[in-house]
There are 2 protein chains.
Amino acid sequence: MEIEELSTEQKIKHVQDTLFVMSGKWELPVLIAINAGNIRFKDLQRSVPNITTKVLSKELKDLEINKLVVRTIYNTSPVSIEYRVSPYCKSLKPLVDEMIKWGYNHRIEISK
Amino acid sequence: MEIEELSTEQKIKHVQDTLFVMSGKWELPVLIAINAGNIRFKDLQRSVPNITTKVLSKELKDLEINKLVVRTIYNTSPVSIEYRVSPYCKSLKPLVDEMIKWGYNHRIEISK
DNA sequence: GATGCAAGTAACCTTAAGGATACCAGGATG
DNA sequence: CATCCTGGTATCCTTAAGGTTACTTGCATC
């Protein structure tokens, strides 16, 4: 895919697809927390400040639908459940890095 | 700024700053329309499908506050007003390109 | 046998983004 | 002089994201 060959309508559509997945309040904090090793539901709730069970539950489902997180059930007694970032999740790194850079520079730019 | 040296809290903060500017429904369509040469208010209203005057007005103010758009008043009779993307706006290109690429690939990934 | 924990679900509420519609002032145009 | 165009405001309404609080089931633990 060569970006320069896309029409502006196509560009907007692709950007909106990205925003649809990434633009909520909790997507990135949850992903980062899982990535940092918090793989159990209760661990995540404790490590992501102020998130509620309802919202965490919904975020995890959405992230699973988007193939960024894998949910695994273990037949322990009682059953335990683990959330892990998928290999595909690594594809987000260039994008997230750009977001970090731009956000960092933008705050400086605006304060001038 | 070296990304790897940032704490996860700092990374999240910078990403949220970026999302705060970019994550609405109309920011990018409006920027792209201005960039494509629609520089008058009414031209923009016509070239961005379904945007209302109220929302366009607000978007333009926000984009101006974020230094991405420059508003110029000309003492013609009657006064005419032009909106143009700022030089700083070009700093968005790497980010937007990453969003285009990821959105494009994500749709393919999800449909597998 | 009461209490606690994991992994959630259910029901209801608040707030902010965005949409719909109407309107306005000042000049231009027929 | 009536209507049109530009560049917007003002008011009210809808919807969706997220927040609050309570509850549940099945096991384990004291």
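Below, read A as the first sequence line, B as the second, and so on, with proteins coming before strands; counting in each chain starts at 1. We use all heavy atoms of the structure for the numbers below, so side chains are in, but hydrogens, waters and symmetry mates are not.
Side chains of A:S80 and A:T76: a donor on one and an acceptor on the other come within 3.5 Å.
Counting heavy atoms from C-beta on, the side chains of A:L28 and A:V96 come closer than 4.5 Å. Looking at heavy atoms from C-beta onward, A:L31 lies in side-chain contact with A:L92 at the 4.5 angstrom threshold.
In this entry the distance linking CG of A:L60 with P of C:dA6 reads 16 Å, nearest Å. If you take NZ of A:K61 and P of C:dA7, they are 14 Å apart, rounded to a whole angstrom. As rounded to whole Å, 13 Å separates atom C1' of C:dT9 from atom CG of A:L56. Atom-to-atom, CD of A:E64 to C1' of C:dA7 comes out at 14 Å; the value is rounded to the nearest Å.
Members clustered with B:I39: none, using a 4.5 Å side-chain heavy-atom cutoff among hydrophobic residues. Through side-chain heavy atoms spaced under 4.5 Å, either directly or across other Ile, Leu, Val, Met, Phe, Trp or Tyr residues, A:I32 is tied to B:I12.
For residues 60-70 of chain B, the salt bridge (charged side-chain N to carboxylate O under 4.0 Å, His left out) pairs, not counting sequence neighbours, are B:K58-B:D62. Applying the salt bridge (charged side-chain N to carboxylate O under 4.0 Å, His left out) rule to pairs touching residues 30-45 of chain B yields B:D43-B:R46, sequence neighbours excluded. Each salt bridge (charged side-chain N to carboxylate O under 4.0 Å, His left out) pair with one or both residues in residues 17-26 of chain B, not counting sequence neighbours, appears once here: A:R107-B:D17. The stretch residues 49-89 of chain B participates, sequence neighbours left out, in these ring-ring contact (aromatic ring centres under 6.0 Å, His included) pairs: A:H106-B:Y88. Sorted by first and then second residue, the ring-ring contact (aromatic ring centres under 6.0 Å, His included) pairs involving residues 13-46 of chain A (not counting sequence neighbours) are A:H14-B:Y104.
Of the residues in residues 33-46 of chain B, not one places a heavy atom less than 4.0 Å from an atom of DNA chain C. Applying a 4.0 Å cut-off to non-hydrogen atoms, none of the residues of residues 9-18 of chain B approaches DNA chain C. Proximity of residues 68-77 of chain A to DNA chain D (heavy atom under 4.0 angstrom from any strand atom) is restricted to A:S77.
Every residue was checked against the side-chain hydrogen bond (donor to acceptor under 3.5 Å, both in side chains) condition with A:S111, not counting sequence neighbours, and none meets it.
Taking side-chain N and O atoms only, A:Y83 has a distance below 4.0 Å to OP1 or OP2 of C:dG8.
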Sort me out a list of protein N/O and nucleotides 18-20 of chain D N/O pairs below 3.5 Å, or just none if empty.
unit_1, atom_1, unit_2, atom_2, d
D:dG18, OP1, A:K25, N, 2.8
D:dG19, OP1, A:K25, NZ, 2.7
D:dG19, OP2, A:W26, NE1, 3.0
D:dG19, N7, A:K54, NZ, 3.2
D:dG19, O6, A:K54, NZ, 2.1

